[in-house]
Amino acid sequence: DAKTTQPPSMDCAEGRAANLPCNHSTISGNEYVYWYRQIHSQGPQYIIHGLKNNETNEMASLIITEDRKSSTLILPHATLRDTAVYYCIVRGGETSGSRLTFGEGTQLTVNP
Amino acid sequence: KAGVTQTPRYLIKTRGQQVTLSCSPISGHRSVSWYQQTPGQGLQFLFEYFSETQRNKGNFPGRFSGRQFSNSRSEMNVSTLELGDSALYLCASSRTLYLAGDYYNEQFFGPGTRLTVL
């Protein structure tokens, strides 16, 4: 699985959009970008994933650059409950099993 | 539907003992993965079981083992506990879906078992 690089920490004001970047310059053509988050001492929670198109769900939006070497997770209206460590993970498709390789992630702190 | 269940939630053991942790996956999920989380090493993959067979293994010593039963429930065992085994052990239940031409690995994590080795 490709390695990812994320900033160690970010701050965001409550109600504003939080934009979390991720670099994955060695991603290969069949690898997906997944985002998970972990609120303190809880199990990680799936947020969103994508291959090459931008994706949106009820939690967030995922913007993947055309060359697929980086992506941005967008939380459109951050709340205090969004304070968590956010992990960007690159993994293969069906044949990769369920293994996730977590990096250090980004600690997002949403301030009132 | 019910989420991933892990038991026990907290455990205290002493060095040299062994421990068994249990995970009940979401109904219909046949894959169970285990992860170890420590402040120094972060979240690390231990192993994955699918249909009672180990499908993937991380880089951990043989003291860490696991198994999966026919009902997809899984257990992991750590023998000869060391202080460094103190960690949050997370279980993840998953299945792969094929939706609109896209493979999506639907994976849910349990709350974890906090193991303290004294």
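Residue numbers begin at 1 in each chain, while the letters A, B, ... track the order of the sequences.
- With a 4.5 Å cut-off on non-hydrogen atoms, Y35(B) touches chain A through its side chain but not through its backbone.
- With a 4.5 angstrom heavy-atom cutoff, L43(B) touches chain A via backbone and side-chain atoms both.
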Inset, instruction - Walk me through it: do N77(B) and S79(B) pass the test side chain to side chain donor-acceptor pair (under 3.5 Å)? - result: CA-CA 6 Å; N77(B) 184 277; S79(B) 62; 4.9 Å; no
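- Sequence neighbours left out, the pairs with a member in residues 61-92 of chain B that pass ring-ring contact (aromatic ring centres under 6.0 Å, His included) are F60(B)-F64(B).
- Put simply, the side chain of R95(B) does not reach to within 4.5 Å of the side chain of I26(B), judged on heavy atoms.
- Proximity to chain A (any heavy atom under 4.5 Å) is shown, for Q44(B), by neither the backbone nor the side chain.
- Looking only at atom types and distance, the side chain of T56(A) has no donor-acceptor partner in the side chain of N54(A) under 3.5 Å away.
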